[in-house]
K.L.:
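Here it is, the structure, as structure tokens.
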Amino acid sequence: MENKIEHYDASDIQVLEGLEAVRKRPGMYIGSTSERGLHHLVWEIVDNAIDEALAGYCDDIEIIVNKDGSVTVKDDGRGIPVDKHPKTGISTVETVYTVLHAGGKFGGGGYKVSGGLHGVGASVVNALSKWVDVTVYKNSKIYQAKFANGGHIVQPLTIIGDCSEDRTGTTVTFMPDEEIFKETTRFDYETLKVRARELAFLNKGLRIILVDDREDKKDIFVYEGGIKEYVELLNKNKTPIHNDIIYVEGAENNVTLEVALQYNDGYNSAIYSFVNNITTPEGGTHEDGVKNSLTRIINNYAKNNKFLKDNEDSLTGDDVREGITMIVSAKVPEPQFEGQTKTKLGNSEVRKIAANIFAEGFERFLMENPEQAKVIIEKSMTAARARVAAKKARELTRRKGGLEITNQWGKLTDCSSKDASISEMFIVEGDSAAGSAKMGRDPITQAILPIRGKILNVEKARLDRILSNEEIRTMITAIGTGIGEEFDISKLRYNKIIIMTDADVDGAHIRTLLLTLFYRYFKPLIEGGHIYAAQPPLYSIKHGKTIKYVLDDDERDEYIKTLPENTKYEIGRMKGLGEMDPHELRSTTMGIESRVLKQINLADAIQVDEIFQVLMGEEVEPRRKFIEENALNVVNLDI
Ligand code: TSJ
């Protein structure tokens, strides 16, 4: 073939051995072969285009899901080098596609900063694809290479035509191999959209175009303000307490750092950090450096400007982070990830660099914007006062020996066992239900804590007010672990904490309030699987002398099908918990032989918390919209 650029020879065999390893153990390279792993392929390819954008040569990246289910990624960068690769003797294009870990430093100039979960690349995508086509526009020529069946070169890099001189770029199309991705090979538009948008936020000015040719969908993401616009979006349903989104940017020793932040009138802190466009939920040195500077600079400013007197205590990290929404995005040449999920940046040199860059920019902002600075300092100082008050309140909740756990209207009816591993506490809504529960319980292992209808909404109150709420204090005392910094799981008094509310809208509301409390202040209890929801039955089916209780319509219908023909039965709709007699309550909802508990996991709680923030936030408009859009779901908050 005349236009053939390189000869394809025996080195192919060696190359395929490398790719074969990827096919044998795909999970090692892309995490899994589930839907998640499948989507990972797209990001492995996109990462290469983003590197080109970070190097300053590419403005547009297009991601297209084709009608046949394959994906095309296109950029307008310089095009992958087409010359002979010095080490392998084949073209660079073929090298990156067939040699494991060849991604990145080929071609020289710049360094690879972006990178997927395991920092692998195009060769892995090739290994796990049915076929891959690569087209490079460069030197007024169109070059193409094709691979098939897990990486075999079927067309070495070949000139297939001419193009105009100013046309440059790389286009890659791949079809995932259904022999590898057995669960699914279908790309989900929404999944791609979420990450495409995030990448556009994280790389300001970069235009990412997402197209679905299967069903004619298209989105274009470009944010000139980058993470600044991200913070704006995150604070959209909140009430910011100052006008500007503070933005700091800088570079030192090949590490670049961007930070955007704004305070709102809430009490939580929302900090999201990234390294090389990858989220670092466990934080790390980049995040620590910025947080340390935030605390130090706010304290300096507060002292220098006489907000804080010399004899007053410094503001703590928690004080200065109350109500903050912040994004930290670092680009680090050779990131080392640590931690349980390898999502924590470990490079120690980054701590100081991040701290320096942020301190300088943040300090300048405070100096130049004294009015906004004042609002921020005052918010931190209020948080500090609340912290001191909360500590006092917390001291009141410490158990003083005995079991004097009472409040004005209700009281913990404790179990007689002191062995936490077999003890359970039911949190029961309403006095009459609590009455039945007390009589129907197993007094050795089951404690009953009655609560009134609506407990305090912890989203809307600061810790000191939460802790001055008697019902919540009773609950904290009964649970035994303490909260926040003092949380100590070894002091847990009940292995199971069971929320028992009616199967109606009010019950769902109270359950939501309680879950929010647990999520915000007792997260380890959720993580440890100690929180449950009781599931009172919805129907009773009576036939002869037998009564069967069932949880929902499906179970009712299933049960009726199992009855012999001509059996007469009577279906009763169960009343609220308060109207059940103790025996009924025990035999359906509380007794360990027959009950069905739903264990609450973190995902349930997070979902509730998110819904809650919208429902309970100060802003009326998003709330109204949300309720309209989710009217049914809210009623059935499915937990
Ligand atoms: F790797 C890949 F094939 F998956 C891929 C690479 C996929 C996509 C969609 C884009 C790319 C890519 C690679 N876009 N742009 C580049 N740029 C280079 O490889 C390149 C070009 C020129 C030079 C140079 O020093 O002249 C260096 C590099 C790394």
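FYI, the numbering just counts along the sequence from 1.
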K.L.:
Take Leu602 and Tyr519 through the test side chain to side chain contact (heavy atoms under 4.5 Å, CB included) and record every step on the way to the result.
P.N.:
CA-CA 8 Å; Leu602 212 52; Tyr519 175 65; 4.2 Å; yes
K.L.:
Are Leu525 and Ile489 close enough, and set up right, to give a side chain to side chain contact (heavy atoms under 4.5 Å, CB included), and what steps lead you there?
P.N.:
CA-CA 8 Å; Leu525 291 185; Ile489 191 80; 3.7 Å; yes
K.L.:
Does atom CG of Asp313 have more than 12 heavy-atom neighbours, drawn from other residues, nucleotides or ligands, at distances under 6.0 Å?
P.N.:
no
K.L.:
Should the heavy atoms of other residues, nucleotides or ligands under 6.0 Å from CD of Glu215 be counted, would the total exceed 12?
P.N.:
yes
K.L.:
Quick one about Asp288 and Thr285 (side-chain donor to acceptor, distance below 3.5 Å, no hydrogens or angles considered), yes or no?
P.N.:
no
K.L.:
Let me check something: any side-chain donor-acceptor pairs from residues 373-380 under 3.5 Å, sequence neighbours excluded? List them with distances.
P.N.:
residue, atom, partner, partner atom, Å
Lys379, NZ, Asn264, O, 3.2
Lys379, NZ, Gly266, O, 2.6
Ser380, OG, Ile376, O, 3.2

K.L.:
Any chance the side chains of Thr343 and Glu282 put a donor and an acceptor closer than 3.5 Å?
P.N.:
yes
K.L.:
Under the side-chain hydrogen bond (donor to acceptor under 3.5 Å, both in side chains) test, which residues partner Asp188, sequence neighbours left out?
P.N.:
Thr191
K.L.:
Side chain to side chain contact (heavy atoms under 4.5 Å, CB included) with Thr382: which residues, sequence neighbours excluded?
P.N.:
Arg385, Arg462
K.L.:
If you apply the rule side chain to side chain contact (heavy atoms under 4.5 Å, CB included), what do you find for Ile472 with Tyr521, and how did you get there?
P.N.:
CA-CA 11 Å; Ile472 289 180; Tyr521 295 102; over 6 Å; no
K.L.:
Does Asp244 offer a backbone N or O that forms a donor-acceptor pair with the side chain of Gln372 under 3.5 Å?
P.N.:
yes
K.L.:
Is the number of heavy atoms from other residues, nucleotides or ligands within 6.0 Å of NZ (Lys217) greater than 12?
P.N.:
yes
K.L.:
Could you list the residues that satisfy side chain to side chain contact (heavy atoms under 4.5 Å, CB included) with Leu538, not counting sequence neighbours?
P.N.:
Ala503, Asp553, Arg573
K.L.:
What distance do Ile271 atom CD1 and Glu287 atom CD have between them, rounded to the nearest 0.5 Å?
P.N.:
5.5 Å
K.L.:
Give me the atom names and distance for the closest heavy-atom approach of His286 to Phe274.
P.N.:
CD2-O, 3.5 Å
K.L.:
Please determine if Asp219 and Arg197 form a salt bridge, counting it only when a charged side-chain N lies under 4.0 Å from a carboxylate O.
P.N.:
no
K.L.:
May I ask you to establish whether Lys496 and Tyr494 are in a cation-pi arrangement, using a distance under 6.0 Å from NZ or CZ to the six-membered ring centre and at most 45° from the ring axis?
P.N.:
no
K.L.:
Restricting to side-chain hydrogen bond (donor to acceptor under 3.5 Å, both in side chains), what partner residues turn up for Ser32, sequence neighbours left out?
P.N.:
Ser34
K.L.:
Can you check whether Ile497's main-chain N or O pairs, donor with acceptor, with His530's side chain at less than 3.5 Å?
P.N.:
no
K.L.:
Identify all side-chain donor-acceptor contacts of residues 562-572 below 3.5 Å with residues at least two apart in sequence or on another chain.
P.N.:
residue, atom, partner, partner atom, Å
Thr562, OG1, Tyr559, O, 2.5
Thr567, OG1, Pro564, O, 2.5

K.L.:
Is the side chain of Glu312 donor-acceptor paired with the backbone N or O of Leu308 at a distance under 3.5 Å, no angle test?
P.N.:
no
K.L.:
So, Ser273 versus Thr280: side-chain donor-acceptor pair below 3.5 Å or not?
P.N.:
yes
K.L.:
Name the residue from Phe221, Tyr272, Tyr230 that meets the ring pair (Phe, Tyr, Trp, His ring centres under 6.0 Å) definition with Phe201.
P.N.:
Tyr230
